[in-house]
Amino acid sequence: MKVFILVALCLGVQCIGPEQVHIAFYTSPWDISVSWITFEDADSSLTYGTSTSSMQNLSGTTNTWHFGGITRHSHVVILKDLKPSKQYYYQIESRVFNFRTLPADLTTYKVCVFGDLGVYNGRSTQSIINNGIAGKFDFIVHIGDLAYDLHSNNGKLGDQYMNTLEPVISKIPYMVIAGNHENDNVNFTNFKNRFVMPPTGSDDNQFYSIDIGPVHWVGLSTEYYGFLEQYGNQSIFTQFDWLTENLEAANKNRGAVPWIAMYQHRPFYCSVEEGADCTLYENVILRHGALGIPGLEQEYIKNSVDIGFAGHMHAYERMWPVADLKYYKEEDAYHNPVAPVYILTGSAGCHSSGMKFSPIPMPWSAHRSDDYGYTVMTVANMTHIHFEQISIDKNGGVIDSVWVSKDIGHLHTEEMRMGKKGNAFY
Ligand SMILES: [Fe+2]
């Protein structure tokens, strides 16, 4: 085993040696990317194994990038074909970390999902760290707006954020998608260079998919829409074409992977005061499309997407099943839902406090709360998924929960929606 005697020495938030260590799923739950940053040119290799006494060396790649006058070296090593249900140790220079792989028969697991978590006012941070380390969820999905911002103070705030979360994100996979705050005006440079998401869609973490047990997960960029004027429309078309093919393939695989869960930063549905993203042009173009730009919602409807997570609005809101503004508020609405079920979970802890709901919820709103917190989703089996909203304001208490269930083979269709009639909102 190669032993490095260089000890990580931190001066303020910047360390000499590897820092900001985190892991993510790569092409499967048993392929893990390990990423870290150094400020000095360094070797991009680590040692790893199921025991600290028998570790093997593995080399990776380094990407050197410059932002705000600071040079950072992003290192990544891909650990492939790991054994299921095993504790793994990995060592980068003198720093040793560990994680546990998911079981081979992956029918049940837990996910922590949230958006909008910053360094300042990061109300959920300690709870996420504690519960993640305690094994209360198997991985994290952060649906955009990280650190507020990754690029602030020449990226030092991003460094601080990643170092703060390191105890948990070096131990359980941290999956991310970009929000509007990841736009650093140099085409999401900080977001692209700090993370390594599955290489199944774009090559820059903006959109991708991965199958994890009974769920086909898809992360998308809504920022292609939000920054259309700044960066042009080509990425919207590229993502849309990819999504069409991806969901088509996922539908052919429903026998093995029955659920499709999407995550994106900006919501289709929400009800907050001054929520232009809930109702006005920003929402219309994202959902419905406009001026030759394709919207996303019809793809979700057409392909019978089951679950959709979003953030951006700093609140929690669970919707009734809803498709193209028609909602299905009825007893048993979450069993064999006839439309996608959306959950807004953007209340983890934004740098600016306060977000007001509209005085009257939109009619598709089933439950809403402005408590700080995050969502824990439990995939129970092939037919049942449970959602709980954890409130930091109420000491980690559960303030909303719901089961979404469907029979084997259930896919929602236009025919079903016609049969239900639903409640139109026009
Ligand atoms: Fe946002």
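Order of appearance sets the numbers: ligands from 1, and atoms from 1 within every ligand.
- Geometry about the Fe ion (ligand 1) gives an angle of 90° between NE2 of H265 and OD1 of N180, rounded in steps of 10 degrees.
- Distances from the Fe ion (ligand 1) to the N/O/S atoms of H312 are shortest for ND1.
- Ring pair F114/H142: centre-to-centre distance below 6.0 Å.
- Using a 30° and 60° split on the angle between ring planes, H351 and Y148 fall in the parallel class, below 30°.
- When distances from the Fe ion (ligand 1) to the N, O or S atoms of D145 are compared, OD2 comes out shortest.
- Ring to ring, W320 and Y334 are close: their centroids are under 6.0 angstrom apart.
- The Fe ion (ligand 1) lies at 2.8 Å or more from every N, O or S atom belonging to D116.
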Please report the C-alpha distance between Y269 and Y327 in whole Å, then the side-chain angles of each, then the deciding distance to 0.1 Å, and finally whether the ring pair (Phe, Tyr, Trp, His ring centres under 6.0 Å) criterion is met. CA-CA 11 Å; Y269 296 94; Y327 58 99; 9.6 Å; no
